[in-house]
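Notes to accompany the following structure.
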Amino acid sequence: MNGCVRSDLCPMRMIVAGNWKMNKDSAEATALIAALKVLSVPEGVEVIVAPAFPFLAAAVDQLAGSSILVAAQDCHEKSHGAYTGAVSVPMLKSVGVKACIVGHSERRQYFGETDKVVGLKIAALLEHGLTPIYCCGESQEERVGGRHFEVVTNQLKTALGALNSEQLSRVVIAYEPVWAIGTGLTATSEQAQEMHAHIRELLSAHGSEVAKRVPILYGGSCKPDNAAELFANRDVNGGLIGGASLDAPQFGELIRLAGQA
Ligand code: PEP
């Protein structure tokens, strides 16, 4: 892990994580990884890419010798068994995957994933030494109704509430307002900072060390033209990037901006 270069107030390193979602075939994935592998990664920035399941093992092999880590986009909470179509954490670990996105709003919307299940997935990931990248965030309706803090508080309590401080300190949180994902709408810098500070405050119930250690990423139409402002916030420790992670120059620019934050 690279060291933090921001300030004493900086809780952690900066992380730029690319969620490719259901995009890229084998040849395209290989080409994108090749382009990412030659990007220069500034000191203090950690880069993660999350291709689709079929390409994870190849991505790990291709990125050998680089500092870029490979994450999955989901996992099953059980380690093995009759769960047709599912992929377990030990399976991911066996091919060199280091992290896994869980609780993404698209998993919640299209696959009925709840924070209760997500909590089990997080426990499985931590048990096997993988880093959960836990996504939380309110819908447009909840934001308009002024319930965004309450919604995110409840998500965190349900998904992370059973973890002890040591386990919690190994989690990465991604605040992704649902209304900003893939829509071109972005939370303002102030909206992002105030929610990240709120999440950090919730984490501080487990002690100031935990609150400092857990990176909180922003996700939702984060692009080179808005990232500098978002990343400059004290409690924003990088980004979970969807659309812009599919293009090496754009993703490279986000990595560069994270290095300047
Ligand atoms: C995401 O899906 O996690 C995401 C942030 O997507 P986008 O950047 O495309 O809004």
Side-chain angles (χ1 to χ4, degrees), residues 1-2 4-6 12-73 96-101 104-106 131 133 135 172 174-177 180-189 192 215-233 236-261:
M1 298 281 175
N2 292 321
C4 175
V5 292
R6 301 183 84 195
M12 275 298 301
R13 61 205 186 268
M14 291 291 281
I15 298 175
V16 181
N19 173 15
W20 292 8
K21 312 191 186 192
M22 199 171 72
N23 293 298
K24 306 288 179 190
D25 63 17
S26 176
E28 290 165 344
T30 303
L32 181 51
I33 297 273
L36 298 181
K37 198 175 174 181
V38 297
L39 292 174
S40 80
V41 177
E43 179 72 16
V45 178
E46 188 170 303
V47 180
I48 302 173
V49 288
F53 283 132
F55 314 124
L56 290 171
V60 170
D61 287 348
Q62 212 182 334
L63 287 167
S66 101
S67 64
I68 300 177
L69 301 178
V70 176
Q73 298 174 19
V97 169
K98 300 290 187 207
C100 181
I101 298 167
H104 192 280
S105 62
E106 288 150 14
T131 300
I133 302 173
C135 303
V172 172
Y175 168 57
E176 300 206 307
I181 296 179
T183 58
L185 294 174
T186 316
T188 63
S189 181
I216 308 173
L217 315 185
Y218 170 78
S221 299
C222 183
K223 301 204 160 38
D225 61 3
N226 57 28
E229 213 190 321
L230 289 161
F231 290 172
N233 286 300
V236 176
N237 308 120
L240 179 56
I241 316 297
S245 72
L246 299 172
D247 176 74
Q250 282 197 62
F251 197 59
E253 180 59 6
L254 291 168
I255 293 168
R256 192 186 69 77
L257 292 169
Q260 292 186 340

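What you see below is based on every heavy atom in this structure, not just the backbone, and it leaves out hydrogens, waters and symmetry mates. Count residues from 1 along the sequence.
The closest side-chain heavy-atom distance from Pro51 to Val70 is below 4.5 Å. By the 4.5 Å heavy-atom criterion applied to side chains, His104 and Glu176 are counted as neighbours. Side-chain contact between Leu185 and Ser221 is absent, with no heavy atoms from C-beta onward closer than 4.5 Å. Side-chain contact between Val49 and Leu63: present, with at least one pair of heavy atoms (C-beta onward) separated by less than 4.5 Å. Residues Trp20 and Leu32 meet the side-chain proximity criterion, which asks for heavy atoms closer than 4.5 Å.
Here Leu246 contributes atom CG and Glu28 contributes atom CD; the two are 9.5 Å apart, rounded to the nearest 0.5 Å. One finds the CD1 atom of Ile48 at 7.5 Å from the CG atom of Leu217 (value rounded to the nearest 0.5 Å). Here CG of Leu39 is found 12.0 Å from CZ of Arg256. Values are rounded to the nearest 0.5 Å. If you take CG on Asp247 and CD on Glu253, they are separated by 11.0 Å, rounding to the nearest 0.5 Å. Expressed to the nearest 0.5 Å, how far CZ of Phe251 lies from CD1 of Ile68 amounts to 7.5 Å.
Formation of a donor-acceptor pair under 3.5 Å by the Asn237 side chain with backbone atoms of Ile216 is found in this model. No donor-acceptor pair closer than 3.5 Å links the side chain of Gln260 to the backbone N or O of Leu257. Looking at Gln250, its side chain never comes within 3.5 Å of a backbone N or O of Lys223 through a donor-acceptor pair.
Closest of all the heavy-atom pairs between Ala71 and Cys100 is CB-N, 4.2 Å. Closest approach of Ile133 to Ala99, counting heavy atoms only: CD1-CB, 4.2 Å. The nearest pair of heavy atoms linking Leu230 to Ala192 is CD2-CB, 3.8 Å. Nearest heavy-atom pair across Ala261 and Phe231 is CB-O, 3.4 Å. Residues Cys222 and Leu254 come closest through the heavy atom pair O-CD1, 4.2 Å. Among all heavy-atom pairs drawn from Met14 and Gly238, the shortest one is CE-N, 3.6 Å.
Few gaps surround NZ on Lys21; more than 12 heavy atoms of other groups in view lie less than 6.0 Å from it.
No option in Leu240, Ile241, Asn233, Val236 other than Val236 meets the side chain to side chain contact (heavy atoms under 4.5 Å, CB included) test with Tyr218.
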- request: Apply side chain to side chain contact (heavy atoms under 4.5 Å, CB included) to the pair Thr131 and Lys98, showing each step before the final yes or no.
  value: CA-CA 6 Å; Thr131 300; Lys98 300 290 187 207; 6.0 Å; no
